[in-house]
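Just the heavy atoms: all of them, side chains too, but no hydrogens, waters or symmetry mates, feed the values below. Ligands are counted one by one from 1 in listed order, and the atoms in each one are counted from 1 as well.
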Amino acid sequence: MTAPLLRPLTTTTWAWVHERTGWGYSNAGLIASGDQALLVDTQFTLDYTRQLLSEIAAAVPHARITTVVNTHGNGDHTWGNQLVDGAEIVTSATSAAHLCQEMGPGQLAALSRAEPTTAAHAYIAEHFGAFDFTGVQVLGPTRTFSGSESVNVGGVSVELMDLGPGHSAGDVAVHVPADGVVFTGDAVFNGSHMVVWSQHLSPCILACDQLLATGADTFVPGHGPVTGRAGMTGFRDYLERVWLQASAHAAAGVELADAARLVFEDQAGGWEHPERLFTAVAAAYREAGVDGIASGTMACVEGMAELAAASATCSASAGTTTMSR
Ligand SMILES: [Zn+2]
């Protein structure tokens with residue numbers, strides 16, 4: 001297990017940030033005041049969630065977590081929900097509606113451990129095989145909201161933002177106006193490329209604009225280090241470059257796999273998992289109305305596995321394994 005860390009951002013907010021930025025290592029957030037606390041997301045496994053809750057108990061021993069906000073339905077942000085006793089679990093209505101389409105822990109564990117028969121299967125085994133999902137029972141929200149909602153946490157006003165579809169079918173961010181802090185969920189990645197599970201890419205750019213419009217100075221992404229306004233703006237502009245390039249390839253009739261390779265060449269940079277660019281390009285192709293673009297988790301994984309293999313072949317033939325951003 002790597003060494004995650006709960007660290008204070010202000011006197012009432014904390015960020016739980018993994019050192020690793022790869023699949024499954026998701027950040028979480030805490031807002032605590034008086035005897036109340038709000039937790040933004042749990043973890044992928046029960047072990048990681050226990051570690052998170054243990055560090056929270058040490059940091060704010062007098063506060064009880066009364067609310068968990070799930071920024072979206074992916075397991076790396078929700079599969080520890082069952083360990084937060086008595087808390088209400090809140091997410092957006094659009095996020096909750098999509099939960100039934102998420103891959104469950106049993107299915108993911110089985111895929112991760114079986115002998116791979118396809119490139120997509122091997123990709124899952126490589127990136128998820130190290131996680132232990134023993135005991136995970138998927139616990140969905142006890143309450144949903146739409147648009148926005150204010151929550152009072154021990155006198156601290158916390159704004160829940162329904163960002164709509166983007167990274168997932170329904171993304172949520174948590175804004176603490178008095179502290180200038182936003183917990184973005186997977187609307188923002190830092191240090192690894194964004195996965196786009198939803199049907200469209202341009203809403204991801206608009207979500208970044210919404211987050212910047214809060215005026216906050218501190219952004220805790222769903223994965224990777226905490227960043228500021230410059231980092232947020234850089235991420236937003238990266239998404240726009242990907243969208244513009246992918247849309248131009250779609251308009252020119254370039255095949256999706258070829259477009260993904262071309263965008264990869266320009267935008268891979270030094271971040272982890274550049275093969276995730278396939279999902280962003282595919283979303284832009286769907287948005288452009290290109291026929292026959294498969295959607296769904298396995299179609300995305302197949303595309304990422306193929307792009308990872310193609311880029312590895314290119315790097316080997318070029319005699320280099322590094323890229324500059
Ligand atoms: Zn995530």
Does the cation-pi check pass for R276 over W23, that is, NZ or CZ under 6.0 Å from the six-membered ring centre and within 45° of its axis?
-> yes

Decide, counting backbone as well as side-chain atoms, whether H223 has an N, O or S atom less than 2.8 Å from the Zn ion (ligand 1).
-> yes

The atom name of the N, O or S atom in D186 nearest to the Zn ion (ligand 1) is OD2

Side-chain contact test, heavy atoms from C-beta onward, threshold under 4.5 Å: evaluate it for F278 versus H193 and give yes or no.
-> no

Residues that D209 engages under salt bridge (Lys or Arg N to Asp or Glu O under 4.0 Å), provided they are two or more places apart = R236

Relative to the Zn ion (ligand 1), which of the N, O or S atoms in H77 is the closest?
-> NE2

Heavy atoms only: give me the nearest S112-L108 pair and the separation to one decimal.
-> OG-O, 2.7 Å

Per residue D76, nearest N, O or S atom to the Zn ion (ligand 1) is named OD2

